[in-house]
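Labels below follow one simple rule: chain letters A, B, ... track the order of the sequence lines, proteins then strands, and each chain is numbered from 1. The model shown is predicted, which means the values in this text are computed figures rather than measured ones.
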2 protein chains.
Amino acid sequence: MTYHAPVADMRFYLDRVLGADRLAATALFAEATADTAEAILAEASRLAQDVLAPLNRAGDLHPARLENGVVRTSPGFASGYRAIAEGGWVGMSGAPDWGGMGLPMTLATCVNEMMASACLSLSLNPLMTQGQIEALEHHAADDIRDLYLPKLNSGEWTGTMNLTEPQAGSDVGALRTKAEPNVDGTYAITGQKIYISWGDHDMAGNVCHLVLARLPDGAPGTRGISLFLVPKFIPDAQGRPGVANSLRPISLEHKMGLHGSPTAVMEYDRATGWLVGPPQGGMAAMFTMMNNARLGVGVQGLSQAEAAFQKALAYARDRRQGRSPLAEGTGTILDHADVRRMLMTMKALTVMVRAICLDCAFSLDMARAAETGQEAWAARGAVLTPIAKAFGTDTGCRVAELGVQVHGGMGYVEETGAAQFYRDVRVTAIYEGTNGIQAMDLVARKLADGGAAQRALLDEVGATVRAASAAHPDLADTLDAARQALEETVTAFVAAPDLNERFAGATPYLRAFGLTLGGHYLLKAALAGDADRLALARFGIRHLLPEVPALCASARAGAEDLYALSPEALAS
Amino acid sequence: MTYHAPVADMRFYLDRVLGADRLAATALFAEATADTAEAILAEASRLAQDVLAPLNRAGDLHPARLENGVVRTSPGFASGYRAIAEGGWVGMSGAPDWGGMGLPMTLATCVNEMMASACLSLSLNPLMTQGQIEALEHHAADDIRDLYLPKLNSGEWTGTMNLTEPQAGSDVGALRTKAEPNVDGTYAITGQKIYISWGDHDMAGNVCHLVLARLPDGAPGTRGISLFLVPKFIPDAQGRPGVANSLRPISLEHKMGLHGSPTAVMEYDRATGWLVGPPQGGMAAMFTMMNNARLGVGVQGLSQAEAAFQKALAYARDRRQGRSPLAEGTGTILDHADVRRMLMTMKALTVMVRAICLDCAFSLDMARAAETGQEAWAARGAVLTPIAKAFGTDTGCRVAELGVQVHGGMGYVEETGAAQFYRDVRVTAIYEGTNGIQAMDLVARKLADGGAAQRALLDEVGATVRAASAAHPDLADTLDAARQALEETVTAFVAAPDLNERFAGATPYLRAFGLTLGGHYLLKAALAGDADRLALARFGIRHLLPEVPALCASARAGAEDLYALSPEALAS
């Protein structure tokens with residue numbers, strides 16, 4: 001059994017549930033017609049299934065390694081990467097002016113899901129480059145864009161993000177890497193960065209690092225941070241990689257999973273860098289990159305959920321064990337109610353997350369392309385982004401865990417691959433801003449509008465409730481109870497004078513929001529689809545949504561309980 | 001930071017919450033006084049902290065390996081094992097007639113928790129032997145007991161359980177290993193067994209396998225199965241390990257975790273075995289062993305929760321990051337509400353599970369020792385066993401997952417050890433009967449009494465509700481809502497004509513039962529203890545118990561939703 005790309009499910013949600021066909025009606029994405037989408041998804045699915053999926057286990061068994069100062073990648077990864085680059089998939093959402101395909105994020109999200117399901121560790125490489133393309137398009141000077149973007153879009157060169165330092169993780173403002181001006185307008189970058197995904201490798205001609213650093217007169221904290229482009233090889237006037245820059249990977253992390261993706265500690269020793277964006281404007285530029293990366297990481301969670309589900313279902317359909325409890329069963333463990341419950345949970349959660357990620361991408365596209373109401377689309381996308389990231393990756397972890405369980409003892413041995421999904425996906429809940437950080441974003445910055453954008457989403461849920469109330473009153477009621485609990489929580493949060501009261505409830509709130517949106521999409525799909533869509537909605541709403549009011553109760557319970565034990569009492 | 005045994009918490013629950021001091025008032029356990037308990041726990045805690053904890057990472061980094069047909073164990077494991085054996089801890093609950101310490105299970109459970117927190121993979125070895133001691137005491141002939149039990153109690157020899165075959169996992173009755181009578185009254189055992197924990201090693205003089213096999217005239221299914229003792233070396237008349245038996249480990253599994261514990265495929269080729277218990281009475285004998293092993297595995301889940309919590313708390317107290325949201329904070333990430341939520345969740349769940357495991361052990365002890373009402377104690381223990389196993393190990397997985405998250409990026413790299421807990425604990429939800437099997441046991445066999453034993457436990461919860469209602473009305477109300485939801489579910493299950501309707505809701509039901517019992521113990525502890533106990537109860541009940549009615553709704557939703565999608569529709 002190998003990976004099978006869920007193209008039909010993607011198309012159904014795009015066209016029938018989310019109305020993403022509206023994109024083709026905009027000037028910007030006029031070429032993204034149904035036919036184009038069909039062709040794109042078909043071609044990407046072949047790449048994922050035939051070229052990338054066979055590499056996944058090799059990456060796990062033969063991790064990237066650091067040898068004589070350079071990173072050697074896992075067997076087959078270089079040719080897999082070439083196939084991605086030659087298909088144009090690195091630059092699929094890049095602007096056509098510099099060689100990108102100019103596809104909407106909505107389609108790119110589908111393609112990224114497939115590549116990540118097939119081989120998460122390798123797919124992380126183009127995802128990082130896509131973020132860099134986005135940042136350079138928006139913030140770099142013309143000469144930088146003209147020089148770098150064509151190489152990045154074609155995949156000849158790859159990109160990385162350098163934020164974290166040992167003392168500066170979630171608190172980026174604590175970074176110490178410094179940038180000193182050279183006489184020629186470039187900067188000398190000095191410092192150490194950690195957790196740099198694909199910080200070095202042997203698959204492309206150059207590795208371009210976007211590095212956060214502080215100028216000599218930079219203010220303390222995040223305000224004083226600037227962004228620099230620091231290539232491994234300094235391009236000559238013709239854009240050929242020239243002399244080696246003064247930077248190197250000094251070690252690779254020994255990680256629980258994602259072994260095929262080298263995670264480097266990078267050292268910069270007066271390396272030559274070019275300023276991207278204005279001095280002390282680094283955080284704004286970085287956020288461009290990170291916002292898309294957050295959706296991208298949510299999609300990674302989705303990808304592992306889908307892949308883990310497919311593997312578990314295939315195993316369950318094949319594994320004969322025990323007397324069937326059914327009069328006319330299949331004779332496999334699929335007949336057992338508890339196995340069915342696990343598989344239905346996996347499928348419902350996976351489809352919920354796919355809808356959230358696609359709707360997030362669609363909102364971000366419309367924020368650029370819509371003729372009117374761009375701000376509302378942007379606000380909608382801004383709310384959906386942390387939900388896509390955190391609920392998507394929590395779901396990835398949960399579904400992969402269930403996938404191990406469906407396999408029984410075979411899930412704990414590495415040969416099946418179920419364990420690899422479980423280990424690989426775990427980092428997605430941590431990197432690109434931990435899921436706790438995402439939840440804090442959702443209840444602070446993303447409620448700074450007084451709750452308008454979140455209430456607008458809940459109004460959409462309300463519309464689905466009304467549309468379904470005649471045909472499916474019980475499902476509508478359960479969904480509406482969830483909507484109402486969230487609505488009350490929004491009101492309570494907005495009224496809370498102390499932001500820490502919101503932070504105390506942020507994580508259950510985000511989960512409640514994810515589940516409610518998920519139930520809403522499942523029900524919309526049931527209204528637009530067949531009996532199978534209804535069956536999935538029934539399961540999802542009846543079995544997963546009753547948790548929402550409980551989560552909201554915990555979200556509104558306040559901070560006091562959390563701090564009631566002293567550090568010493570916690571330890572005793 | 002190393003492991004610190006939670007002896008004070010154990011003592012508090014034993015003496016002040018569970019009333020386990022009643023054991024010393026029985027004739028059987030008259031020696032288990034408070035002073036004895038104190039001494040036992042103090043000595044075991046030193047073993048765990050000083051001798052075993054330092055071995056844990058070595059076991060992960062240097063897995064046991066098969067060389068020239070024998071298993072070489074991880075560095076330091078042999079001397080760690082010697083310390084366990086010499087302390088008498090292997091045979092601590094064995095009968096004194098054959099050299100055991102005769103301690104109640106209640107104390108043995110505390111010791112097993114500590115050894116497992118310190119080094120789960122090594123601690124699995126004496127746990128298997130303890131199960132074998134129990135089975136031989138109850139079912140073996142006198143000469144077998146006299147020969148083997150002293151060696152097992154002293155730890156000179158170790159024991160294993162051989163149930164699983166490739167086609168016979170949860171469905172033990174499908175096994176094919178056969179036992180043919182020899183002329184001398186022994187049997188020739190032939191077949192292959194998989195997933196044999198500590199199936200071979202170099203730490204003790206003999207490895208004694210308890211093997212399920214079928215006699216030539218054995219009925220099909222579980223009824224026709226018999227149990228055999230099959231030693232690696234056949235003891236001579238003086239009980240010295242003599243000639244090698246015809247059995248061998250043919251491979252070791254490559255597992256996600258628990259690398260220090262060799263998991264063997266064992267091959268028996270007309271190996272000499274001795275019948276244990278009556279012919280075709282193998283399942284009954286095996287259940288003796290498995291029931292205690294199930295509690296033991298629940299304690300393994302608990303042990304990893306405790307260890308993961310300690311490590312995460314130590315990290316959080318040390319890690320400086322970000323601006324503190326508190327006016328007078330510690331300056332560490334412990335100031336952040338979301339980190340506090342994770343740590344409080346970890347602690348509350350861990351203490352809940354400890355209380356459940358200890359109460360289960362206490363019930364099993366009283367079922368043997370109480371002067372009256374042994375049957376009721378046995379029924380109570382029988383209900384608590386699958387809850388201890390499944391809720392205990394699910395909690396172990398969940399708490400270890402939160403432990404990784406508290407560490408952020410450091411949780412995903414292996415150096416901290418947070419990832420090892422996450423990988424190691426995962427198998428506990430699978431082996432010794434998957435958690436799905438435990439849940440099915442709880443709603444079928446353990447409801448065969450019409451729900452009397454489970455209702456009796458819920459009545460205990462009701463008594464706590466009443467005791468707390470004046471001082472803590474809100475906590476009492478939330479706990480009572482959980483109790484009531486469970487009570488209604490018991491009634492619905494008992495009335496369900498089709499067992500599969502119960503199986504459909506078994507997993508959420510077991511989780512709801514675990515949480516409710518957990519809340520009940522936390523509240524009892526608050527009534528007996530100080531402000532810190534109350535603070536933990538407040539958090540646990542206000543934040544974790546609202547999920548119970550939602551779980552019960554899912555438990556009662558029936559089987560129809562689970563089967564509504566055909567295998568093909570699931571896959572599409």
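Proximity of a side-chain donor or acceptor of A:Q405 to a complementary backbone N or O of B:A429 within less than 3.5 Å is detected. Side-chain N or O atoms of B:K347 include one that pairs as donor or acceptor with a backbone N or O of A:L570 at under 3.5 Å. Between the side chain of B:R340 and the backbone N or O of A:L565, at least one donor-acceptor pair lies under 3.5 Å. Proximity of a side-chain donor or acceptor of B:R423 to a complementary backbone N or O of A:M256 within less than 3.5 Å is not detected.
For chain B, the nearby parts of A:L258 are the backbone and the side chain; heavy atoms of each come within less than 4.5 Å. For chain B, no part of A:A506 is nearby; none of its heavy atoms comes within less than 4.5 Å. No part of A:D9 comes within reach of chain B, as not one of its non-hydrogen atoms sits under 4.5 angstrom from that chain. Looking at A:M342, neither its backbone nor its side chain comes within 4.5 Å of chain B, counting heavy atoms on both sides. Heavy atoms of B:D335 lying under 4.5 Å from chain A belong exclusively to its backbone. Residue A:T330 touches chain B through its side chain alone, counting heavy-atom pairs closer than 4.5 Å. Within the 4.5 angstrom heavy-atom criterion, no atom of B:A439 approaches chain A. Contact annotation for B:A8: neither backbone nor side-chain heavy atoms come within less than 4.5 Å of a heavy atom of chain A. Residue contact with chain B, scored on non-hydrogen atoms closer than 4.5 Å, involves the side chain of A:Y195 exclusively. For A:E401, the parts lying under 4.5 angstrom from a heavy atom of chain B are both the backbone and the side chain. Heavy atoms closer than 4.5 Å to chain A are found in both the backbone and the side chain of B:P567. Interface remark: A:Y563 contributes backbone and side-chain atoms alike to the contact with chain B (heavy atom separation under 4.5 Å). Contact annotation for A:L313: only side-chain heavy atoms (C-beta onward) come within less than 4.5 Å of a heavy atom of chain B. No part of A:A559 comes within reach of chain B, as not one of its non-hydrogen atoms sits under 4.5 angstrom from that chain. Contacts of A:A174 with chain B are absent, with no heavy-atom separation under 4.5 Å from either backbone or side chain. Residue contact with chain A, scored on non-hydrogen atoms closer than 4.5 Å, is absent for B:I333.
Here the closest heavy-atom approach between residue B:H543 and residue A:A557 is recorded as CE1-CB, 3.5 Å.
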- Begin from the C-alpha positions of B:V404 and A:I430 and carry the test side chain to side chain contact (heavy atoms under 4.5 Å, CB included) through to its verdict. CA-CA 9 Å; B:V404 169; A:I430 295 170; 3.9 Å; yes

- Message: Applying side chain to side chain contact (heavy atoms under 4.5 Å, CB included) to B:H336 and A:S170, what does each step give before you reach the verdict?
- Response: CA-CA 12 Å; B:H336 292 283; A:S170 297; over 6 Å; no

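Interface check for chain A: of the options B:M344, B:H254, B:R320, B:E415, the most heavy-atom pairs under 4.5 Å are formed by B:H254. Of the listed residues B:H407, B:M410, B:M440, the one with more heavy-atom pairs under 4.5 angstrom with chain A than any other is B:M410. Ranked by non-hydrogen atom pairs under 4.5 Å with chain B, the options A:G221, A:A168, A:A550, A:A555 are led by A:A550. Among B:V427, B:I437, B:V413, B:T434, the residue with the largest count of heavy-atom pairs under 4.5 Å with chain A is B:V427. Ranked by heavy-atom pairs shorter than 4.5 Å toward chain B, the options A:L536, A:L326, A:T263, A:I194 are led by A:L326. When each of A:G257, A:A535, A:G408 is checked for heavy-atom pairs under 4.5 Å with chain B, A:G257 comes out on top. Contacts with chain A were tallied for B:S572, B:P508, B:A564; B:P508 has the most, counting heavy-atom pairs under 4.5 Å. Listed options B:C397, B:G436, B:G169 were ranked by heavy-atom pairs under 4.5 angstrom with chain A; first place goes to B:G169. Chain A forms the most heavy-atom pairs under 4.5 Å with one residue out of B:E253, B:R341, B:Q167, and that residue is B:R341.
The aromatic ring centres of A:Y422 and B:Y422 sit less than 6.0 Å apart.
Looking only at side-chain heavy atoms (C-beta outward), A:R542 and B:D561 come within less than 4.5 Å of each other. The shortest side-chain heavy-atom distance between B:E547 and A:S554 does not fall under the 4.5 Å cut-off. No side-chain heavy atom of A:K255 sits under 4.5 Å from any side-chain heavy atom of B:E414.
Here the straight-line distance linking atom CG of B:L343 with atom CG of A:L562 works out to 10.5 Å at 0.5 Å rounding. Atom CD of residue A:Q438 and atom CG of residue B:D338 lie 11.5 Å apart, to the nearest 0.5 angstrom.
Geometric assessment of A:R426 against the ring of B:Y412 yields a negative cation-pi assignment under the 6.0 Å and 45° thresholds.
Contact check on A:E568 versus B:R317 returns a salt bridge, with a Lys/Arg side-chain nitrogen under 4.0 Å from an Asp/Glu carboxylate oxygen.
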